[in-house]
Every structure is written in structure tokens, then in C-alpha cells.
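Hydrogens, waters and symmetry mates play no part in the numbers below; they use all other heavy atoms, side chains included.
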Amino acid sequence: MSQSRVQQLRAEILAHDHRYYVEDAPTVSDAEYDRLFRELVELETAHPDWVTPESPTQRVGGAPVSALGEVRHSVPMLSLGNAFSAEEVQAFDKRVADGLHASGALAGGAEAAYLCELKLDGLAISLRYEDGRLVQAATRGNGQVGEDVTANVRTIKAIPLTLRGDVAGVVEVRGEVLMFRQDFERLNQEQGEREQKIFVNPRNAAAGSLRQLDPRITAARTLRFFAYGWGQVDHMPAAQTHSGMLDWIASLGVPVNAHRRVAHGADGLLAFYTEIGEARRGLGYDIDGVVYKVDSLSAQRQLGFVSRAPRWALAHKFAAEEATTELLDIEVQVGRTGAITPVARLKPVFVGGVTVTNATLHNEDEIRRKDVRIGDTVVVRRAGDVIPEVVAPVAELRPAHAALFVMPTQCPVCGSAIERLEGEAIARCTGGLVCAAQRKQALAHAVGRRALDIDGMGDKLVDQLVERGRLTSLADVYTLQADELAGLDRMGPKSAQNLVEAIDKARRPSLGRLLFALGIRHVGETTARDMARHFGSLEGVLAADEDAMMGVPSVGPVVAKAAVHFLAEPHNRDVLDRLLGECGVEPVPEEAPAAAGAVLAGKTFVLTGTLPTLTRDEAAQRIVAAGGKVSGSVSRKTSYVVAGEEAGSKLTKAQELGVSVLDEAGLIELLGDSD
DNA sequence: GATCCTCGAGTTCC
DNA sequence: CTCGAGGATC
């Protein structure tokens, strides 16, 4: 036995790996493969000096680490615009074709060529090869900075440790790590036998496996990889097209999914979508749609980017997954304002990646409109892929005993009458703050982040204090002492002390926040701030009659009446007097809106998605500080949409309306001019 | 009076 | 995120 046998074994194993993972056409049995592998292990054990890092035996995984390091991507990893309908795809094709016709890159009347591929439901990673050797692997993270998962990725057999052929310099391959359904089911079975965590779906299992601190765990799980793009490439091949680049990546021995082809025009794209939709179930792994990319690389460069999303690519997602389940019961919840919301209790059902057990039914009319009855089998989906929604009952499966929902006449929490005013969709508990549910939520609202912002005072704590009769009104919050808090559930002396300090800080809220905290019907954050600015002081607000109130921008007769009525209520006056008196609360006047000359004056922004460094609140604050406005929905009047990761329908809407889109860097640039 | 634009309120799951 | 509804605008 010699070193040459070792090399021969390695070559054979690598060839088998390639046929199995890349070509999807194995030529040996698993047993035969195992025999070769064991022989190699034996030889290497006998001759440790023959072992190289690229040997297939070195995929077992090194020692665990305490945390994953960070990696900055040399070329940012992109996100994609989304489409859910044929119309949106047609609009995308038109934008691309118009853009390319205008520059003469596409002959008049000719259709644009696109590479179509699967949108795999896994985790995006970037593999960095230097002189053909895998040196680093990183998750996508926020697109700029990801996590270093090199040690784990080295254990994935589908990913070559060395590229085929002579590749000099840096080649970064980007693609998706995923778990095939079969491997997922086997893993869960094993996890169950070992009484370990069961994964809800292959995506979570892949993510959990890849982000392990102990690479040996990753090594024990079967992950797959398919490349769909590239980052830094020092020596670009001659390819002029995206499809050509993918062929080149495949020729390096990296798996590229076979379900890809070049199509022309919107019709070609939609045909691919339909075809994949039909093949979806048989794929053996999860996809959440397909992706279209303008094939010509020079055309891609011309089209460029909006925000972080390329104008030359589009993810066409499958409609939200639907499932059917049984509607066990319809219960009602009481909201902060007394709104009675019927909620469907469902037999747990797995849909769109999570198990759904509850879904809102909004109100009585909605239930009637959908004609859902208790005992029905219903169709459930996750609206906008997040919030579960009951779509409709399955008429054929309605049991004889199916019962209509009857709105209770008394509040389930306090027993007060429930009434529904003429012309309103919502029924309400009339108990007001007598109702424990309303009192709890009113208090939780008042201490919440957007109102008095008392850190450490969450729903759970408010619940406990209300139940013990320690909190009846907002004024009571300011009388809480550290020693009485310390005894409560999940409250040590340290947390209690922190909370008391947080309460003390809340003695000087801005007037707008204080007004918002009161929970006056129709008076939200914006209206409260407008009121604070208009009157300048709490005394001014309290002295206003309905006419004076209507002078506040965005306040009309309905809001004015609600506010004046609320502030005249003896009970509410009482609480305010206590706050200002014994509690020592001193509202500070709202800052004046930025001067008319401020850079962003007159500009309206809409924020969507997750920004790389700022939270959405921080971004909003900075926009307001520069004189801009932040709104919740996109319209023709919107000046800019600031889009981050996973931007959803608002980005789509912005593109439809032709509203300018910024990324965080673009926003900061705009803001920068103001300093 | 109709239409568009915002704001407020409620909600699910991990 | 979505719906309902109040307010502004034409």
C-alpha cells in the first residue's frame, strides 16, 4: 500500500461525490462508496503525514467554537424584488425591455432574454475560493456582513473543497444551502429517538445545521448546495451571459440546479413559472418560487439597481400556501379600546412553514361574509406570508352540527354589556376601565415604547400588578417601589431597581407621548404629537373646546369630540391631576417641527424591510429630525421609499407608482447634507 | 359627493 | 400586514 493508492482513492471518492451531488447520477452503490472511504481512512490513520486538508476524510469537522465570527462580503449579497402575479411579471418585463430599447441594447420589438431558475428555500451563502481552494464560507447576514461558517461548510459533501481545473485568484460562488425533504425527515426521526429538538421545516433544519458552533454536528447532517451566482471573480471567463457564468461554475465542479433555462419575454417567464409550479411537489426539496434574471451581463450592468435590489432580476413567488383544518371554536378577545374581536381556534395545522392554531376573524360581518361556522373545515393561509387568515369554509365538508357564531351580549372578562353602534363594524365592551382586559391593555399601552417608554414593564408584569389590585390607573405606576416589585414573578432585586429607575425617567415625557399614553380614542402617535405642538402645553390642551381642537391639523369633528369628551371626564381629570401632582410628572413641550428650510422639509418617506444598521425607529427619528415626514403607506405623494432586507409589498407598490427607492446608504446620504 | 391619503387599531408566531 | 374609518382635497 502506498501513497499513490491514497491519491487514487481520493480521486475516486471525489469523482463519486461529483456524480452524486453535481450530476445527480451516481455510478456506485452506497456500500461500495463506504468501502472506498473506509480504506482511505485506514491508510490515512496509518500514515498521518499523508493527510491533506483537501482529503475527503477531512470533512468530519473540527473542534467546536464559542461563537461564529463575522465576515464582510467583498461584493454585497443582494436581495430581490418580489412578484406574486402575472401582471407584476409583465410589468417587470416591460420595464426591462423599455430600459434596454431606450439604450439600443435591444432591437426594437425584440424580447429580452432571461435566465430562469428555482428560488430555493434555504440559506444563502458565499463560498470564497482562492487559487481553487475553499478558504472561507459566510452566510448572507444582512448582505454586507455575514457569519463565518467555514468550518461547517467544509463538512458539506455537496460543496467541493477544491475547484476543478486551474483557477487562479479569487472566485466567490454564491448559492443556497438546503436540506432535501428525505434527509429532513430522517433527521427529525433521529432527533425524536434521541429526544432532541424536532425541526419544523427543512429550511430551519438547514439553518440550524449550518450555524452550529460544533462542526461535527453539521457533518452528521446531510446538507445540499446549489450555486446561482457569484461575487468577486478575479479572472472572469469569456461568458457574456448569466447562463454562461452558471455553466462555467458548474464546470468547476460546483452543483448548479438543473432546473434552469433561458426564456424570452413575459410569456416565456410565465411558462417557466407554470411548469415549475406543476413539478414542485416532485422536486424533493422546497422552493418558494422562481427567479428571473436578465441573461446578458452587459444588459444587467445597464439596468443597475434600485436600493439593494437589482432591476434586472425578479423573484416570482408562489401564492401563499394554503391548508385545510378544522375550526374548533370561535372565541372573542377584548382589546384596549374594548373592541371585541372574534378569533378562530383551529386544530393545529402546518402551513407556510409554521403551525397555526389561531387566526383572527376581524369582526362579525367578516364571519358572515365568509360564512364560516364552528365545526367547519376551513381553508387557512398566511396572508402576506405572516398573519394567518381563514380564507373560506369547505362547503362539502360542513357537518350537520356546524354552529353559527353568535356575538356574546356580555363581555367575557367583566360581564358588561357589549354594544355595536349603528354603522360600525366593531362591537365593543362598554365596561371601560372597569373591564380588567381593557385596563391591563390601556396600562400596557401607556408604558409602551411609543408612549411613556418604561423599559422593563411588559404585558406580563402589568397583568400581575393589575390582578393584585396594585395598578388601577396610570398614576399608580409612579408609586411602585423596588421592594414590592422584587417579589413578583421573574423579578429579582436588580430588575426591580432598574424598573424603578425607568419609571423615574418617565416623569419627564414629551407632551405628545403623554397625550398618546392616555389612550384617547382616535388619538394615535401622530395626532397626539400634532395636538401637543398646536397647544404647546398640557394646560392649553385641557382648556380647548371642540372648535379649538379642530384647529389641530388632521383633527376633524369625530376626533375633536372624542378628545374633549375624554379630557372632561372626571375620572380622567383625576388621573391627570395625580400625575402632575403627587407623581411628579412634568411633560416637556414637543420640539417644534424642523424649520421649513430643513433638507427634508416637505418630503414624505415610507420605511419597509429591515435596514442593515439602523432600526426602523431610528431611521424614522432621523428623518423627522431633518424635517421629513414618515408615513405608513405608499402613495403618489410619497417622496421616497426606504427599502431594506425582505422589503415586501411597499417596495412593489413604489415601483408601480414610480416612487424613488432608497437604501439605507442613500437615506444617510440625504440626511448627511443636513448636518 | 367621491376619491385619495393617512392614521389608528388589532393581530400571529418564534 | 391589513382593514376600517376619519380627514383632506378636488
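A straight line from CD of Glu366(A) to C1' of dT11(B) spans 13 Å, rounded to a whole angstrom. Atom pair Asn204(A):CG and dC14(B):P shows a separation of 10 Å (rounding to whole Å applied). The interatomic distance linking Asn358(A) (CG) with dT11(B) (P) rounds to 11 Å, in whole Å. Rounded to an integer number of Å, the gap from Glu364(A) CD to dC3(C) P is 19 Å. Atom-to-atom, NZ of Lys370(A) to P of dT2(C) comes out at 13 Å; the value is rounded to the nearest Å. Across the protein-nucleic acid pair, Arg345(A) atom CZ and dC13(B) atom C1' stand 14 Å apart, rounded to whole Å. Taking atom CG on Asp459(A) and atom P on dC13(B), their separation rounds to 16 Å, with Å as the unit. In this structure, the CD atom of Glu389(A) is 13 Å from the P atom of dT12(B), given to the nearest Å.
Between dG7(C), dA9(B), dG10(B), one nucleotide has an atom nearer to the side chain of Arg521(A) than all others, and that is dA9(B). Closest to the side chain of Val343(A), out of dG10(B), dT12(B), dG6(C), is dT12(B). Side-chain atoms of Ala339(A) lie closest to dG10(B) of the nucleotides dT11(B), dC13(B), dG10(B). The Pro388(A) side chain lies nearest to dC13(B) when the options are dC13(B), dG10(B), dG6(C).
In this structure, Gln333(A) does not reach the dG10(B) phosphate: none of its side-chain N or O atoms is under 4.0 Å from OP1 or OP2. Note on Thr341(A): a side-chain N or O is less than 4.0 Å away from OP1 or OP2 of dT11(B). Between Thr357(A) and the phosphate of dT12(B), there is no side-chain N or O to OP1/OP2 separation shorter than 4.0 Å.
Taking a 4.0 Å limit (strictly below) on heavy-atom distances, residues 412-420 of chain A does not reach DNA chain B anywhere.
Pairing each heavy atom of Ala560(A) with each of Val555(A), the nearest pair is N-CG1, 3.7 Å.
Salt bridge annotation for Glu331(A)-Arg345(A): present, with a cationic side-chain nitrogen under 4.0 angstrom from a carboxylate oxygen.
Among pairs with a residue in residues 516-529 of chain A, those fulfilling side chain to side chain donor-acceptor pair (under 3.5 Å) read Arg450(A)-Glu525(A), at least two apart in sequence or across chains. Residue pairs meeting the ring-ring contact (aromatic ring centres under 6.0 Å, His included) criterion with at least one partner in residues 544-564 of chain A, sequence neighbours excluded, are absent. Residue pairs meeting the ring-ring contact (aromatic ring centres under 6.0 Å, His included) criterion with at least one member in residues 405-437 of chain A, sequence neighbours excluded, do not occur. Note on residues 430-448 of chain A: pairs passing side chain to side chain donor-acceptor pair (under 3.5 Å), not counting sequence neighbours, are Lys440(A)-Glu467(A).
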Look for any protein N or O under 3.5 Å of an N or O in nucleotides 3-7 of chain B and output each such pair with its distance, or none.
unit_1 : atom_1 : unit_2    : atom_2 : d
dT6(B) : OP2    : Ser635(A) : OG     : 2.9
dC7(B) : O3'    : Thr527(A) : OG1    : 3.4

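Cys411(A) places a side-chain heavy atom less than 4.5 Å from the side chain of Val334(A).
Taking the side chain to side chain contact (heavy atoms under 4.5 Å, CB included) definition, one finds that Ser209(A) meets it with Met179(A), Arg221(A), Leu223(A), sequence neighbours left out. Residues passing the ring pair (Phe, Tyr, Trp, His ring centres under 6.0 Å) test with Phe566(A), sequence neighbours excluded: none. Taking the side chain to side chain contact (heavy atoms under 4.5 Å, CB included) definition, one finds that Asp455(A) meets it with Ala502(A), sequence neighbours left out.
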